[in-house]
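By convention in this document, chain letters (A, B, ...) are assigned in the order of the sequence lines, proteins followed by strands, and residues within each chain are numbered from 1.
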Number of protein chains: 2
Amino acid sequence: MDKHKRLCEDKAIDPEIIDDLSPEECKNLLAGFSKGLAHPARIEIIRFLANRPEDDRCLCRDIVEILPLAQSSVSQHLSILKETGWIYGEIDGPRVCYCITDGILEFHERLIKKCLA
Amino acid sequence: MDKHKRLCEDKAIDPEIIDDLSPEECKNLLAGFSKGLAHPARIEIIRFLANRPEDDRCLCRDIVEILPLAQSSVSQHLSILKETGWIYGEIDGPRVCYCITDGILEFHERLIKKCLA
DNA sequence: ATCGTCTATCGTGAATGTACGATTAATTGT
DNA sequence: ACAATTAATCGTACATTCACGATAGACGAT
């Protein structure tokens, strides 16, 4: 099996857990995801990762190249996206392979509906 | 006609404009909305306003009462929600009537899809 | 006219966010 | 071993956020 393909295949979020969240937890979780989305560069990163083909995983260097920011700044944004649950990264030799958390878009959509509706 | 009912009925957002946005504008707009959602107190305010009956408009005082924050802090959060387009307020004598922007939830949902999909 | 109510704004302080260059640590390749 | 590559972390600087008490301004009621 391809090395990149083997990476980044086991992190997913279960939408079922939304039903068990207290209103307080729900708001805190959505606030966190929203913080992750609250910068154009981070939106671009998520968009980029969400549209990658599964068999061509993304390396950090690729993300640095599509953004008009210094490498260290991109690394900070990636760190925020990891903290807030949007993405995760796995070490692949000297590089880091970043992937979007599986099912996160549906999770986010459901979370908004639960919090606001 | 009821005084409160007459207020807050003419501010709406047109989802059509999303189609005309450049990718850059799209990301900036979503980043702004996300910033608005990036605090539990502001999520609670939006939830509260989104579920108000139309004929019982919300006054600022009502919002202060449901949050565990000082009046001035709530006013700041309301200000951020106004800046980011989630809500608007109209002066009603000595009070201010706050309402959620009509159609904003659908707008937000569409904006996310356009930005990330 | 004066008083009380309501809400925005001011001023403050602590914390966080954003961006950069420089450095470090890990790994690969020679 | 050694050099090159990759990405995180450090240190810095500036701006913004968040929370509060205090104040000010607008309006209604008396």
Side-chain angles (χ1 to χ4, degrees), chain A residues 2-4 6-8 27-28 30-46 48-49 57-99, chain B residues 2-4 6-8 27-28 30-46 48-49 57-99:
Chain A
D2 179 286
K3 196 172 182 186
H4 282 173
R6 200 167 60 245
L7 286 168
C8 300
K27 283 182 279 186
N28 288 334
L30 179 55
F33 279 118
S34 301
K35 176 185 156 190
L37 273 190
H39 193 289
R42 295 199 290 269
I43 293 174
E44 178 61 19
I45 293 171
I46 295 174
F48 181 71
L49 291 181
R57 292 311 194 176
C58 178
L59 302 181
C60 179
R61 191 166 60 93
D62 302 328
I63 299 174
V64 172
E65 278 170 7
I66 62 167
L67 294 174
L69 293 172
Q71 179 264 324
S72 57
S73 302
V74 174
S75 193
Q76 274 189 332
H77 285 302
L78 288 168
S79 187
I80 291 174
L81 287 173
K82 274 192 286 183
E83 274 174 30
T84 54
W86 282 99
I87 67 172
Y88 61 102
E90 287 182 16
I91 293 171
D92 174 24
R95 302 177 200 83
V96 173
C97 161
Y98 280 107
C99 302
Chain B
D2 180 285
K3 196 171 182 186
H4 282 172
R6 200 166 60 245
L7 286 168
C8 300
K27 282 181 282 186
N28 288 335
L30 179 55
F33 279 118
S34 301
K35 177 184 156 192
L37 273 190
H39 193 289
R42 294 198 292 268
I43 294 174
E44 178 62 19
I45 292 171
I46 294 173
F48 182 70
L49 291 181
R57 294 309 195 177
C58 179
L59 301 181
C60 178
R61 192 166 59 94
D62 301 329
I63 300 173
V64 172
E65 277 171 7
I66 62 167
L67 293 175
L69 293 172
Q71 179 265 324
S72 57
S73 303
V74 174
S75 192
Q76 273 189 332
H77 285 302
L78 289 168
S79 187
I80 292 174
L81 287 174
K82 272 192 287 184
E83 274 174 31
T84 55
W86 282 100
I87 68 172
Y88 60 102
E90 288 181 16
I91 294 172
D92 174 24
R95 303 179 200 82
V96 173
C97 161
Y98 280 108
C99 302

* **Interatomic distance where CD1 belongs to A:Ile91 and P belongs to C:dA25 [whole Å]** => 15 Å

* Between C:dT7 atom P and B:Leu81 atom CG, what is the distance in whole Å? -> 16 Å

* Spacing between A:Leu59 atom CG and C:dT27 atom P, to the nearest angstrom -> 16 Å

* Please determine if a side-chain N or O atom of A:His77 lies less than 4.0 Å away from the OP1 or OP2 oxygen of C:dA19. => yes

* **5′-ward residue of the pair B:Arg61/A:Ala70 relative to DNA chain C** => B:Arg61

* Measure from the side chain of B:Lys35, starting at C-beta and using heavy atoms only, and say which of D:dA7, D:dA19, D:dT17 lies closest. => D:dT17

* Asked: Closer than 4.0 Å, any side-chain N/O of B:Ser75 to the OP1 or OP2 of C:dA8?
  -> yes

* Measure the spacing between CD of A:Glu65 and CD of A:Gln71 and express it to the nearest 0.5 Å. => 12.0 Å

* Asked: Should B:Arg42 be listed as having a side-chain N or O under 4.0 Å from OP1 or OP2 of D:dC18?
  -> yes

* Pick base, sugar-phosphate or nothing for B:Leu78, based on heavy-atom distances below 4.0 Å to the nucleic acid. => nothing

* Asked: Rounded to the nearest 0.5 Å, how far apart are CD1 of A:Ile66 and SG of A:Cys58?
  -> 7.0 Å

* Asked: Taking only side-chain nitrogens and oxygens of A:Tyr98, does any of them come within less than 4.0 Å of OP1 or OP2 of D:dT6?
  -> no

* Asked: Which word best sums up how the rings of A:His77 and A:His39 line up, parallel for under 30°, tilted for 30 to 60°, or perpendicular for over 60°?
  -> tilted

* To the nearest 0.5 Å, how far apart are CD1 in B:Ile45 and CD1 in B:Ile63? -> 5.5 Å

* Structure fact -> B:Arg95 atom CZ is separated from C:dG4 atom P, nearest whole Å, by 17 Å

* Is the distance from OP1 or OP2 of C:dC20 to the nearest side-chain N or O of A:Ser73 less than 4.0 Å? -> yes

* Can you check the B:Leu67 CG to C:dT7 P distance for me, whole Å? -> 13 Å

* Calculate the interatomic distance between A:Gln71 atom CD and C:dC20 atom P; express it in whole Å. => 11 Å

* Structure fact -> The nucleotide from D:dA22, D:dA7, C:dA8 with an atom nearest the side chain of A:Cys60 is D:dA7

* With rounding to the nearest 0.5 Å, note down the distance linking CG in A:Leu37 to OG1 in A:Thr84. => 8.0 Å

* Asked: Between C:dT12 atom P and B:Gln76 atom CD, what is the distance in whole Å?
  -> 15 Å

* Spacing of B:Glu90 atom CD relative to C:dC6 atom C1', expressed in whole Å -> 17 Å

* Structure fact -> Between B:Glu83 and B:Ser72, the residue closer to the 5' end of DNA chain D by nearest nucleotide is B:Glu83

